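Values in this document were obtained by computation on a predicted structure and should not be read as measured data.
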Amino acid sequence: MKKIVKEFISFINKGNFLEIAVGLLLAATFKDVITSFSNTFIMPIINKLLGSINYANVYFDIAGMRFEYGSFMTTLISFIITGFILFVIVKTYNKMINKQEEELSENELSILKEIRDEIKKR
C-alpha cells in the first residue's frame, strides 16, 4: 500500500499534472461561457430566422420509436460555436507567435550583417 501511495505522490508531483488540472478547469469554465453565449446570443438569432422553435420538443418518429433530437441540435450548435471561437483564438495566437519570430529573425539578420561588416573591415 505504501508503494502505491508513493507512486501516486510521485505522479502528482510531476510538473505537468498541475498544468493539466488547471487546463481542464479552464476548459470546463470556457464550456459554460460558450453555452451561455450560444443560448443568449446565437439561439435567439436562429429562432428568429427559423421561427420560434422549442428545441426540447423537436422529434421524429420511426416505427413507433420517438427520436428527440432537439437537445442534440442545441449541443451541436454550441460545439460549432466553441470550435469556431477556439479556431479564432489559435489563429490569432499563431499570428502573434509568427510575428515575434519574424522580428527575432530580422534582429538576428541585422546582427549577422553587422558581424560580417566588422569582419570585412579587419
Output yes when a side-chain donor or acceptor of T40 lies under 3.5 Å from a complementary backbone atom of S36, and no otherwise. yes
Whichever hydrophobic residues join V88 through chains of side-chain contacts under 4.5 Å: F84, F87
Side-chain donor/acceptor pairs under 3.5 Å, residues 1-10, sequence neighbours excluded:
none

Using the rule that Ile, Leu, Val, Met, Phe, Trp and Tyr join whenever any side-chain heavy atoms are under 4.5 Å apart, tell me whether V58 and L76 fall into a single cluster. no
Just wondering, do D61 and F67 contact through their side chains at under 4.5 Å, heavy atoms? no
Identify, with sequence neighbours excluded, every residue that meets salt bridge (charged side-chain N to carboxylate O under 4.0 Å, His left out) alongside E118. K121
Which residues pass the ring pair (Phe, Tyr, Trp, His ring centres under 6.0 Å) test with Y69, sequence neighbours left out? F60
Just jot down the side chain to side chain contact (heavy atoms under 4.5 Å, CB included) partners of F41, sequence neighbours excluded, or say none. F37
Got a sec, which hydrophobics cluster with M96, joining ILVMFWY side chains under 4.5 Å apart, including via others? none
Hydrophobic clusters join Ile, Leu, Val, Met, Phe, Trp and Tyr when side-chain heavy atoms are under 4.5 Å apart, directly or via other members; which others share one with V33? none
Check side chain to side chain contact (heavy atoms under 4.5 Å, CB included) between I85 and all other residues, then give those that pass, not counting sequence neighbours. F30, I34, I81, I89
Holding to side-chain hydrogen bond (donor to acceptor under 3.5 Å, both in side chains), I want the full list of residues that pass it with Y93, two or more places apart in sequence or in another chain. none
Taking side chain to side chain contact (heavy atoms under 4.5 Å, CB included) as the test, write out the residues that go with L49, two or more places apart. I45
Which residues pass the salt bridge (charged side-chain N to carboxylate O under 4.0 Å, His left out) test with D117, sequence neighbours left out? none
Go through the structure and list residues passing salt bridge (charged side-chain N to carboxylate O under 4.0 Å, His left out) with R116, not counting sequence neighbours. none
